[in-house]
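One structure follows; several queries about it will come next.
Computed over heavy atoms, backbone and side chain alike; hydrogens, waters and symmetry mates excluded. Just so we're on the same page: letters track the sequence lines, and every chain starts at 1.
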Number of protein chains: 2
Amino acid sequence: MNVVNDSPRRKELTRQAAQLFVQEGYDRTTVRMLAKEMGIKSGSLFHHFSDKQEILAAVIEEGTKSALTIAHRALELSDSSPEARLHAMARAHLETLFTDRNAHVVALYEWRRLDQPAKEYLVHLRDAYEALWQGVIDDALSAGLIKGDRFLVSCFVMGALNWTVRWYNPAGERTPEELADELVILIIQRGG
Amino acid sequence: MNVVNDSPRRKELTRQAAQLFVQEGYDRTTVRMLAKEMGIKSGSLFHHFSDKQEILAAVIEEGTKSALTIAHRALELSDSSPEARLHAMARAHLETLFTDRNAHVVALYEWRRLDQPAKEYLVHLRDAYEALWQGVIDDALSAGLIKGDRFLVSCFVMGALNWTVRWYNPAGERTPEELADELVILIIQRGG
DNA sequence: CAGTTAACCAAGCAAGCGCTAGGGCGGCTA
DNA sequence: TAGCCGCCCTAGCGCTTGCTTGGTTAACTG
């Protein structure tokens with residue numbers, strides 16, 4: 001019957017589920033709503049996913065993997081100076097946050113709805129991503145580019161960036177790059 | 001039958017509801033769970049609140065009013081220098097965030113579950129609070145204490161602070177005051 | 001002591017929920 | 001041409017949901 005495969009069909013269904021999860025929230029999204037959005041009947045849904053939670057896990061997995069890929073590429077392409085790397089990471093973060101917006105909003109808001117096994121698997125992906133950030137921040141601190149406690153700086157920066165999903169309007173006049181640059185301006189020390 | 005009063009009993013029930021909403025999320029919290037926590041039967045709940053959404057609105061109203069009160073008092077007691085006011089607001093924000101933690105977490109996570117009328121009423125309270133912040137940030141910008149765009153700086157600072165509810169452990173070694181001070185260190189410009 | 005009221009309970013309704021069982025169908029492969 | 005498999009459907013089971021109804025009880029008030 002139902003398997004944990006990764007067919008292209010399943011990828012597409014996952015993308016559509018993310019959209020609905022953002023609009024309605026995970027709990028409020030019924031399997032019948034999901035099926036309707038996908039153009040199938042609710043029973044058919046369980047051919048692709050073993051249960052509703054697995055759809056949630058699939059959405060979050062997609063988003064997190066994408067974030068990792070984008071961040072790695074950004075660091076590879078970036079200049080090696082601490083400031084360039086800080087810019088690169090901030091830009092990459094906002095880039096993935098808005099290109100895979102649905103998946104990331106779901107990851108940020110519905111994380112606790114995951115069951116324990118899914119949480120354990122996905123937390124490793126998230127840790128890998130956060131380790132990238134920690135490295136960049138450590139370098140910036142060593143270079144005297146920013147000031148403060150390494151743990152708190154990470155938390156504050158991640159907070160400032162992730163919070164953007166609550167207020168940023170992609171159709172507005174500011175680009176994600178401008179946002180990233182403004183954040184770096186706010187936190188780096190430039191004798192004044 | 002049921003009225004929109006503000007009896008002390010209702011206040012207490014609201015506090016207990018906040019606790020459950022944080023633990024389980026609004027949607028997952030059933031009226032039967034709420035009633036059990038309150039030591040009554042589910043039907044009796046509707047003597048105090050006209051429906052489930054009204055409980056949510058009551059929780060968020062409590063939290064926001066508390067934030068406003070604490071922020072006002074902090075600014076009155078504070079020195080008038082831009083830096084002192086920035087510190088005072090950051091400390092006040094974290095103080096209310098952790099003393100009325102349940103209510104604020106609910107406000108941050110379950111806002112979209114409010115119906116339109118409740119949202120319209122509560123958004124005024126929130127705007128009043130954010131106006132206080134905007135004033136303090138404008139002063140800090142004018143004084144050259146921080147750098148950047150006034151709107152973006154507000155959003156980043158609010159994000160960094162509100163995000164703390166996701167990682168801060170009140171039982172840990174850092175006090176909310178230390179957190180506030182560290183954030184100010186991160187963003188103010190001190191010739192380096 | 002009659003009248004009022006706030007607070008609660010027992011019982012249950014209608015709707016919606018996640019999920020299952022069993023089968024149909026068209027496109028592959030042998 | 002036979003057998004298989006991926007994908008989908010119909011029908012519905014068992015349960016939970018928010019909320020209602022009609023009534024009880026104890027405390028207050030004139």
> Just how far, in rounded Å, is P of C:dC9 from CE of B:Met38?
Replying inline: 12 Å
> Just to confirm, is there a sub-4.0 Å distance from OP1 or OP2 of C:dC9 to any side-chain nitrogen or oxygen of B:Ser44?
Replying inline: yes
>> Could you tell me how far apart B:Leu56 (CG) and D:dC19 (P) are, to the nearest whole angstrom?
In response: 12 Å
>> Can you pull out every ring-ring contact (aromatic ring centres under 6.0 Å, His included) where at least one residue sits in residues 7-35 of chain B? Sequence neighbours excluded, please.
In response: B:Phe21-B:Tyr26
>> Which residues pass the side chain to side chain donor-acceptor pair (under 3.5 Å) test with A:Arg85, not counting sequence neighbours?
In response: none
> Angle class for the B:Phe151/A:Trp167 ring planes (parallel below 30°, perpendicular above 60°, tilted otherwise)?
Replying inline: perpendicular
> Once you round it to whole Å, what is the distance between P of D:dC19 and CD of B:Glu54?
Replying inline: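 So the two atoms are 10 Å apart, to the nearest Å.
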>> In this structure, how many angstroms lie between the P atom of C:dA7 and the CD atom of B:Glu12, rounded?
In response: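 Result: 13 Å.
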> Rounded to whole angstroms, how far apart are CZ on B:Arg9 and C1' on C:dC8?
Replying inline: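 About 10 Å, once rounded to whole Å.
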>> Quick check for you: among D:dG6, C:dA7, D:dC9, whose closest atom lies nearest to any side-chain atom of B:His48?
In response: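 So the side chain of B:His48 is nearest to C:dA7.
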>> In whole Å, I'd like the distance from the NE2 atom of A:His47 to the C1' atom of C:dC25.
In response: 13 Å
> How would nucleotides 14-19 of chain C be written as a contact map, 5' to 3', with B for base contact, S for sugar-phosphate-only contact and - for no contact, using protein heavy atoms under 4.0 Å?
Replying inline: ---BBB
> How far apart are the C-alpha atoms of B:Leu20 and B:Met33, what are their side-chain angles, what is the distance that settles it, and do they pass the side chain to side chain contact (heavy atoms under 4.5 Å, CB included) test?
Replying inline: CA-CA 8 Å; B:Leu20 260 181; B:Met33 291 164 65; 4.3 Å; yes
> CD1 of B:Ile40 versus C1' of D:dG18: gap in Å, rounded?
Replying inline: 15 Å
> Are A:Glu182 and B:Lys147 within salt-bridge range, i.e. N to O under 4.0 Å?
Replying inline: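 No.
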> Atom CZ of B:Arg10 and atom P of C:dC8: how far apart are they, to the nearest Å?
Replying inline: 14 Å
> Is the shortest side-chain N to carboxylate O distance from B:Arg73 to B:Glu95 below 4.0 Å?
Replying inline: yes
